[in-house]
Amino acid sequence: MTEKEKLIIFDTTLRDGEQSPGASMTKEEKVRIAKALERMRVDVIEAGFPVASPGDFEAVRAVARAVDGSTVCGLARAVEKDIERAAEALAEARSARIHTFIATSSVHMKAKLRMEPEQVLEQAVRSVRRARDFVDDVEFSPEDAGRSDIDFLCRIIEAAIDAGATTINIPDTVGYNVPQQFGGLVGTLRERVPNADKAVFSVHCHNDLGLAVANSLAAVLAGARQVECTINGLGERAGNAALEEIVMSVRTRQDLFPCNVDLDTTQIMPCSRLVAGITGFQPQPNKAVVGANAFAHESGIHQDGVLKSRETYEIMRAQDVGWSENRMVLGKHSGRNAFRTKLNELGIVLDSERELTEAFERFKDLADKKHFIYDEDLQALITDTGLAAENERLRLLYLRVCSESGETPNAEVTLWFDGEERATSASGSGPVDAAFKAIDAVVATDAELHLYSVNNITSGTDAQGEVTVRLEKDGRIVQGQGADTDIVIASAKAYINALNKLMQPERRAHPQLGDV
Ligand code: KIV
Ligand code: ZN
């Protein structure tokens, strides 16, 4: 780092990112992503909303235990029970932050909280004080600040800092602001709040108008020194500001920014792939920095220019963000120890020797089908263990599909369902359709299929296909993933993974919906 000020990168993939419908993650998946963020040297990892459910609590606690190099943060509404639960989940973190929030726009105060501004202010102060009983590092967010009255914002922020808040986060909760205005808002707050110099100003922008990154950067130019963002821009509705875009903008335009980030940017691509693999939300090909085409030059003129001098058409180096050739990590002859060591390097810690043995067997099967095994293959192999579906009720035991030109494809499946083996068959318009129909014949869920997509994990025709399936039932959306060198098998695994999630009861509270 130069002597420039530091821009704190606060990643909320595990909290706001997880609020995207269908992106929910298991405890193990959250720990893997947190370890990848830690390897990237992200400053703060918001691990979840502990009061939401016992599962959310355990996930935040597991991340707090697993991470040493980054501060681990838990979200809490401005109420005592949330703050106490967050403190409990974070108790074993090496460095812990409680992030408490309450809405300040008149529409939110009237329609959602049904509270007067003075009550909101008092509750904010009480909550920040309570959080300070547990940790020294307390963040306060006036939710929907982007649509709040500026005088009220100044008062509540001043009071929150007096009560002990060390970070003041300004959320554009509904993505309504535009850059000049949002930068202006942050600049005005820093000028008008008398004790503004006692806290770090942060921003948290949503992407409803496609302006989350632009708004965040305008705020940085106006003095914000923390940006809240997510990998691949995952998040509620249209998502949050994308971490990779914020970080690379600040790095690439050091001529403009008075601050710098202290991250290992070569970890961006591994992290992006990991989050996409776990959530099933693949970045679009033309997505900045991490999209498949971000560094591809198709037109002859561009290629010629890039070959003569990279700077003609490239402002960043692909390798600086981790776009290297897929690295062969293991092969058919690799032993159990090499396998375990590689998993550890990838931040994957299996809970027991039995899990390691099962994963190693799957690795050996894969190595029989596929010559080179890359990091991405291992990530998919672990995601696809069935570990992703704790308490799973359904498992694929056998699948055979017949497909030939001029004939209707037919699938035979054997499933394990609630402890019983069930065999069935069905025909369909294609092999995947036939396989799904055969599975439906055993588990009649009447879920609606909203999305089916296949991606190759690495290159080559022997690559594993990674399938994502999104299902909806009674307003609840879940996503399932499956990977295999045979894409029909990958599809069946993804479908079964989604059905398992749909069959789990949902008991988690959403931090921003309903009363405090
Ligand atoms: O968008 C938002 O306002 C939030 C808050 C909880 C910070 O996510
Ligand atoms: Zn948000």
Side-chain angles (χ1 to χ4, degrees), residues 8-21 23-24 44-52 56 60 73-79 82-83 85-86 97-109 111-113 120 123-124 127-128 131 137-148 153 156-157 160 165-177 182 185-186 189 199-213 215-216 219 224 226-243 246 508-516:
I8 297 167
I9 296 297
F10 175 116
D11 180 278
T12 182
T13 307
L14 303 180
R15 198 277 296 170
D16 210 311
E18 204 203 17
Q19 284 173 217
S20 352
S24 69
V44 186
I45 299 172
E46 188 165 51
F49 176 46
V51 84
D56 287 72
V60 176
C73 176
L75 184 71
R77 291 166 301 187
V79 286
D82 284 33
I83 293 166
R85 202 71 177 134
R97 173 181 296 188
I98 295 178
H99 175 191
T100 185
F101 74 98
I102 190 161
T104 50
S105 62
S106 54
V107 57
H108 275 229
M109 289 191 288
K112 180 173 98 165
L113 301 178
V120 168
Q123 192 153 328
S127 305
V128 170
D137 187 351
V138 172
E139 173 169 326
F140 171 70
S141 292
E143 190 194 4
D144 205 16
R147 292 190 299 170
S148 300
L153 268 186
I156 200 166
I157 290 171
T166 44
T167 300
I168 295 294
N169 179 47
I170 307 300
D172 182 18
T173 302
V174 289
Y176 178 68
N177 282 238
F182 194 65
L185 171 65
V186 171
L189 291 172
V200 172
F201 273 69
S202 163
V203 286
H204 174 111
C205 295
H206 279 272
N207 205 29
D208 299 67
L209 295 173
L211 294 171
V213 169
N215 286 339
S216 306
Q226 173 177 287
V227 173
E228 301 200 353
C229 44
T230 57
I231 299 291
N232 300 338
L234 199 67
E236 190 88 55
R237 304 182 310 279
N240 290 74
L243 177 144
I246 298 286
R508 62 179 359 189
H510 187 293
Q512 290 160 270
L513 299 178
D515 299 332
V516 282

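Both ligands and their constituent atoms are indexed starting at 1 by order of listing.
Residue-ligand proximity, Glu143 to ligand 1, at heavy-atom distances under 4.0 Å covers atoms 3 (O). Using a 4.0 Å cut-off to heavy atoms of His206, the atoms of ligand 1 that qualify are 1 (O). For ligand 1 and Thr173, the ligand atoms under 4.0 Å from any heavy atom of the residue are 1 (O), 2 (C), 3 (O).
Side-chain contact between Arg97 and Glu46 is absent, with no heavy-atom pair separated by less than 4.5 Å.
Side-chain N or O atoms of Thr13 include one that pairs as donor or acceptor with a backbone N or O of Ile231 at under 3.5 Å. Side chain of Asp172 to backbone of Cys205: no donor-acceptor contact under 3.5 angstrom is found.
For atom 6 (C) of ligand 1, the nearest non-hydrogen atom of the protein is Arg15 NH2, 3.7 Å. Here the protein heavy atom with the shortest distance to atom 2 (C) of ligand 1 is Gln512 NE2, 3.3 Å.
The side-chain hydrogen bond (donor to acceptor under 3.5 Å, both in side chains) test applied to Thr167 returns no partner, not counting sequence neighbours.
Only the side chain of Asp16 comes within 4.0 Å of ligand 1, judged by heavy-atom distances. Residue contacts with ligand 1, taken as heavy atom pairs separated by less than 4.0 Å, involve His99 solely via side-chain atoms from C-beta onward.
Look at Asp144 and Arg147 and you find a salt bridge, because one of the NZ, NE, NH1 or NH2 atoms lies within 4.0 Å of a carboxylate O, short of that distance. Lys112 and Glu143 are joined by a salt bridge, as a carboxylate oxygen and a charged side-chain nitrogen come within less than 4.0 angstrom of each other.
In summary, the side chains of Asn215 and Asn177 do not present any donor paired with an acceptor at a separation below 3.5 Å, with no hydrogens or angles considered. With 3.5 Å as the limit, one finds a donor-acceptor pair spanning the side chains of Thr104 and Ser148. Using modelled atom types, one finds a donor on one side chain and an acceptor on the other under 3.5 Å when comparing His99 with Ser141.
Within the sub-2.8 Å shell of the Zn ion (ligand 2), the protein contributes these N/O/S atoms: Asp16 OD2, His204 NE2, His206 NE2.
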